[in-house]
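Bear in mind that the values here come from a model prediction, so they are computed numbers and not experimental data.
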Amino acid sequence: MGISKKCYFFSGIDGGSIKWLLCQMELKPFICPSLYNQDSKPVNTIGRFIKIHSADNCDLNTTDIINDYNFPNESMTVGFFVFICDEYIKISFRQLENATIISNLMSYVQLYKCSFDIEGIDPFFVITNTRVLTILTANFTSFQALDNRSSCHGSKNIQALGLKCIHNDITNFIQYMFNCNNETSKVKEILVSQCKGAINQQMLRKIFPDLQTLEVDKCDLKGKVEFPWSINDAFLTDNLSRSEYLQNHLIKSFHLNIPYNIFRRQISLINNGLTTRSSIQLSRKLHFFRISKNNISFFDEDIFKNVEGLQVVILTELGLREIRGLTFSGLTELLHLDLSKNELGDLPSGVFDQLSSLTFLSLANNSLTVLPKQVFFHLNKLISLDLGYNKILTVGQEIFPVNSVALNSVILKNNPLRDFPVTLLYIRGLKTIDVRFTNINFQNMTALLEHVDPTSLIRSVESSSSSIDSDYLQTTTTWRKIDLSHSNVTGFLIKTNASAHAKRMLLIILKHFKFVFLAQSFKCYSDILPFNKLMLNLTESGYWTGEEYFYTEWTCKLPFEFQGRAVLRLKAEETYSVVNITDCPPLCECYIREMFNVTIVNCRDKELNTLPENMPSGMLDIWLENNNISKLTVRKYLGNIRQLLISNNNLGEIEPDALKKMINIKRLTLDNNLLMHIPENIKDLDIDAISLQNNLFACDCNSLWFKKWLTVNIDLIENIHDITCHSENNAQPIVLLHDNKFVCHDRTVHQSYVIPVVVGILLTFIALFLGFYFRVEIKVLIYVTFELHPFDRQKCDKREIIDLTIIHAKDSSEFVEEKLVFPLKQMQFVVFSVANDFVAGYSLQENVSSAVLQSKHVLLILSDEMFANTVLMDYTWAECQNKIKVNRANFLLVTSVTENNVVTALNKDVQKYIKLHKHLKYRNALFLSKIKYTLRSYSKNNLGASQDNLMVNMNTNIVFPFERELKITKGHEYDLFFCYSCDERDYCQNNLIPRLERESYRICTPDSHFHPGACILTNIGLAVESSSHTIFVTSSLETLDDLQLFAFQRAIEKTRLSKYNHLIVIFLQDKTSKIDDRDIKDYLNSYVYLDVTDQNYKQYSPERLKRAINAVKNGNSSYKAAKEFNIHTSVIRRNLRNGNTNFPTRVLNNEEEQSLVTYIEYCYQRNFPLTRKMIKMFVRQIMKKMGREIPNQKGPSNKWYRSFLKRHKDLSMKKPQIIDGGRQRMANLTVMKQHFDLLEETLKRLCIFDKGQFIFNMDETGFGKSTVIDKICTPKSSHSYTKMVTTSQHTTAVVCTSADGNVLPTMVIYEKSFPSGAYRRGIPEAWLFARSPNGYVDSELFIQWFKEIFLNSTSHLSQHNILLTMDNHESHLSIELIDLACAEPDSASITMGLYRNLGKL
């Protein structure tokens, strides 16, 4: 019936002195699907919104309203009369002089904010044959029940009544409505919601003795609950029956199975203050029973004893702790049972045995730990079983109905299961097994397969008509899905000596079941080889084709060099296993490559400055990439090295004796270093492959032998043409350089002195000439070069906190962002632009006026789109004239980015201004410098806000007089109402809405908040009224339907009346279609909206850039190519000028890089400074998440990092002062105050300030000997401390506790191996033990702690926000952890490290 969830009570309106005038009304038709059939034929439905705009009590011209419908006489019609009053007024239905009773009409009457006199509206009920009456949010000034009403014929025929948010006592109001000379009413269905006063059940029973459906939501109930009151079923009148649409909506959605032509017998009690002691008596025939959001810990066993025909029972959110054994006894017709979101800890045996017809059962979100034997065994008609979000550890045999062909879905997600329930494989009809977010792993896959019963498995997978030997070894075409996403499965680990039975069971399972994992879930070490070998043998035997899903979808996560590789495509010689080796160097990991009996020493990314002193014995593969090693020195183990990988270091020298000792070397990588020469004895190595590119080799006489050696050994040298040396200031491939270029020169006196002097004099003369000729530009050059600004000094108003506001159209957004906004912000200017800073939902004039008022200068960008629609330009010129005339003539700067002659197209005032003040040319080399010079024309005390102050001011009204953030008011039930069609549902539900929900916005959507039973337009109108903002999302303006137009019109009307940006429009595609609706056209021309297709920072793909450059080479202009390929002309011209043929993908775009800088500063301010390794790890995760190619396994190179620091000069690297954790936290009062202020703000925002059970802190403690210090990245002019980090013989304990004193199980991490003996003796079973190469926690172990301990221990708090605070150890900082915390929409919202998600809407 389209009823909102919240109401507000107003004082009575005195209508005694109000003149009754004719109502000002507006009729708008709407379309509803057919709701009924008559004699098996659909009944037509006609609807109107009757909007009443009068502010005072008024008379309705009812005759005109009825005539507007033009009801047909020959067939039955359903008419919807939806009266919507703008204000709380009383309306009269007295204008009925010429109206006659309409035959073949059945009407729905709905009133919103409209009150009436019952005697006045009763004739209208008679004329329209009203069967359904809904009153939403009404305030009846005064009334009293009449003993003898002159007319109640219309009221007596009403069969369905909905009352929501009536601002009067509900019992008195019902008596007022239906007191018809003590006659009973024909009402069969009642929905009452959000009452004032308690409901008197005895009164309802007296007035409505034949009631079939009673729904009571947010209303108190007096006395004993008894229902139903009538014995017999009630049939729809006039030979009507529900249409398929209405049957599906009201009946089949809850699995009900009742005839189309009878009323459902139902009682629903929601949020009524009922307790365990409340008396509930059910008797007679009842189809549907629901009780939710009350406080009932158990029900008596005889609650359903006297009920017949019960098909649906919903007992949710009650706090149920106990279900007694005979509670559901005798309910043989029950189809749907929902016991979710309670506190059930166990189930009695046989509790569901008599539910022989049950098809849907939910026990989700309880505290179940053990399932009794055969608890579901007899439910052979069950279709869906939901056991998610419990505490189930194991699932025994004989639990499920294995012989059932009906059961197709079993949900066990978010349970701490460790072993896969084999019995699920035996269910014949099962299609989906959901075991996501469990602790299942296949570490002992062989034992699991040995316990599989072959008879039960074969019987479950073969079709019923087949024989045992027919088709169970045929690959299925309809996979049964086993979803193991976010579980602990890292591979199918079977033993080499697995029995033939285990191998056969694995084959049958893989033939019929599809295992679903997250992408890159497998750890591809040597222990996967038995499984790979078995699968290879099965492929060679013809059981597999090699095209099955597991050959392509199962990919490696670890080790990094295999990441993304197909698991079953790995070769045995490529793999290795993790082992504990005592001689393994500190900080490094050691593996064994069993195929060759070689030890791998992995010292990548360890910040090493020299080669390790010692290595394990035996043949070695040593990985030393991405360190700081500068010299390859002699070590005693060099003779055992088979592979030495030392790329991406600072290697500048190789000792000749070091190469001499490498007698077993087969592969050597020296690329990406600083080598100028190679020892000549490298020619003596018996090597298979060597990599030398990207070094600084010299082209002198000492390198001629090197060229000849390269030429002779061309087959064993990788990328030989990339091995270059510097000759005549150019890098050239050594093998292509002529021999006469390899010479050594001695500089002469002529070269050293005469030439520099002559050149200096000549350059001085040229500089003087150019300075005289370009004397206008010289002031800019002086400032740019020497930062001197003696000319053109100006003063500004202290209110002008914006240095530059850039006004531009959409087609110049890329130019503005790349050429203006980003570089000017890097110079610490406060810059506003249309694309970044105009507030959506406010008008263009409001945005322009506010920005111009508080800006020192405005830059107007003229473009083709700006001339096509001059509204923005006209607003800007109008607002700038006052400052131009009063303050300064050069306030408005103008430049053009179009190749057309635009000056003549401007209005005369703007043309005159440009002639007097030469406009900027964007192609000029000093374009940006001139702007910078202009902005620096003010004294320092008049400059705009600093970057730090700007970040504060952006969240206030200093810049704009209206709210920059979403305007959330306490007077609305919802913060945001999303309006979208089917085309935009996926983007909204999976992208935009989850991000806003994590920010604690209350969101209303059509999919989940519209009330069933009423027309969609009523729901939309109520949603707009009860929301602070309407978010209107659309892909095409050309295909907007009537519903979207209605929502848009209601929202823009509220925007204009409320004086704030209530309506925010988001486009998902280019706005290129023709717009016919005047409201939308006016809005788009006058208001700021959001466009998802706008990209301030575009990453041009290499292919698209190549095609654009080739088009220019073939004769097209750069302007035309830029238009065709959507690439800015400057990018094309720059690559043409430089002759680029390779277009590397940027590591991060400008926006991502700026976000990284913000996060570095954020962490520093909270005493969490980041090291270079942490920053590179974050960059690598961002690149991986965005689908970009990662240059190496550990992220960007050190060269990129150095360039990153150069681009952001406010950052620097420094060694922190060592301080232990306790002293660091207590270092100074300011730090402490900032921390606790931030903590207080976060706790209040999450609504857990006084709820200690939802606040957790985690930290590690350990034992070690020595200390190491990593450099950290911080803002300049800052001082920093870091906590002591211990190494050597380390053991770590991971401890977490809540603010109310609840200590979670501890995780203990040992170095390399577990202690000998019974180290678990006397330790709680819930504790977790692990090991790592160095005894420290790493990202993988922390993820394990988070899943197995934290999530399991807090699963019972899943309906609340949870705060987890921790330090910034690199193992805690991962995108994977954040994704895991936010993966389930029903899971806890976990804020980590007090980090706020600063999303941009």
Side-chain angles (χ1 to χ4, degrees), residues 1-15 17-30 47-62 64-65 68 80-95 109-117 120-121 124 133-141 163-168 194 969 971-974 977 979 1004 1014-1030 1042-1043 1045-1063 1079 1083:
M1 280 180 273
I3 303 173
S4 64
K5 288 189 175 180
K6 184 177 287 187
C7 65
Y8 306 95
F9 298 103
F10 296 81
S11 60
I13 302 173
D14 184 8
S17 61
I18 299 177
K19 296 181 180 179
W20 290 78
L21 302 176
L22 198 63
C23 294
Q24 298 177 11
M25 63 182 183
E26 175 187 5
L27 273 70
K28 285 192 175 182
F30 63 87
R48 296 286 188 274
F49 285 110
I50 301 111
K51 298 184 177 181
I52 302 168
H53 301 304
S54 300
D56 298 316
N57 299 348
C58 60
D59 280 332
L60 280 175
N61 192 334
T62 318
D64 287 351
I65 294 174
D68 186 78
F80 275 85
F81 295 85
V82 181
F83 298 93
I84 302 175
C85 296
D86 289 348
E87 306 291 340
Y88 285 90
I89 63 172
K90 179 183 288 187
I91 58 177
S92 169
F93 291 82
R94 291 179 288 194
Q95 302 288 330
V109 176
Q110 183 168 303
L111 300 105
Y112 176 71
K113 285 190 176 180
C114 306
S115 62
F116 52 84
D117 284 326
I121 200 174
F124 180 77
L133 173 63
T134 305
I135 304 174
L136 308 177
T137 312
N139 183 27
F140 290 81
T141 56
L163 302 174
K164 181 164 188 180
C165 216
I166 304 299
H167 302 170
N168 308 90
Q194 294 173 250
T969 62
H972 289 92
E973 179 180 2
Y974 302 107
F977 164 53
C979 179
C1004 172
C1015 284
I1016 187 69
L1017 293 184
T1018 303
N1019 281 298
I1020 291 174
L1022 296 176
V1024 171
E1025 290 298 324
S1026 59
S1027 300
S1028 295
H1029 292 270
T1030 293
D1042 293 339
L1043 299 179
L1045 287 174
F1046 172 75
F1048 185 90
Q1049 291 164 353
R1050 288 299 299 272
I1052 190 60
E1053 180 181 348
K1054 184 172 181 179
T1055 295
R1056 291 165 179 161
L1057 293 175
S1058 304
K1059 306 297 185 183
Y1060 75 96
N1061 59 339
H1062 170 78
L1063 173 62
D1079 289 338
Y1083 182 87

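- Side-chain contact check for Y88 versus T137: some heavy-atom pair is nearer than 4.5 Å.
- Minimum heavy-atom separation, S1027 to C1004: OG-CB, 4.5 Å.
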>> Would K51 and D86 count as a salt bridge (Lys or Arg N to Asp or Glu O under 4.0 Å) here? Give the steps.
In response: CA-CA 8 Å; K51 298 184 177 181; D86 289 348; over 6 Å; no

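- In this structure, the separation between CD1 on I135 and OG on S115 is 9.5 Å, given to the nearest 0.5 Å.
- Between atom CG of residue L1022 and atom NZ of residue K113 there is a gap of 9.5 Å, rounded to the nearest 0.5 Å.
- One distance of note links CG of D68 with CD1 of I50; it measures 8.5 Å at 0.5 Å rounding.
- Rounded to the nearest 0.5 angstrom, Y974 OH and T1030 OG1 are separated by 13.0 Å.
- Between V82 and Y112 there is no side-chain heavy-atom pair separated by less than 4.5 Å.
- Taking all atoms of both residues into account, the shortest heavy-atom contact from I91 to I52 is CG2-CD1, 3.9 Å.
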>> As a quick check of understanding, evaluate ring-ring contact (aromatic ring centres under 6.0 Å, His included) for F81 and F124, giving each step before the final call.
In response: CA-CA 11 Å; F81 295 85; F124 180 77; 5.3 Å; yes

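- Heavy atoms only, all atoms of each residue included: F93 and T62 are closest at CA-OG1, 3.8 Å.
- The minimum heavy-atom distance linking A55 with I89 is given by the pair O-CG2, 3.5 Å.
- Note that SG of C23 is 12.0 Å distant from CG of D64, once rounded to the nearest 0.5 Å.
- Of all heavy-atom pairs between R1050 and I84, the closest is NH1-CD1, 4.5 Å.
- In this structure a side-chain-to-backbone donor-acceptor pair under 3.5 Å is missing from D117 to G120.
- To the nearest 0.5 Å, atoms CE (M25) and CD1 (I65) are separated by 4.0 Å.
- The shortest heavy-atom contact between V1024 and K1054 is O-NZ, 3.1 Å.
- Here F80 and F49 keep their ring centres 6.0 angstrom or further from each other.
- A donor-acceptor pair is defined here as one N or O able to donate and one able to accept, closer than 3.5 Å; such a pair exists between the side chain of H1062 and the backbone of S1028.
- In this structure the side chain of L21 never reaches within 4.5 angstrom of the side chain of D56, judged on heavy atoms.
- Judged by distance alone, the side chain of S54 and the main-chain N or O of Q24 form a donor-acceptor pair under 3.5 Å.
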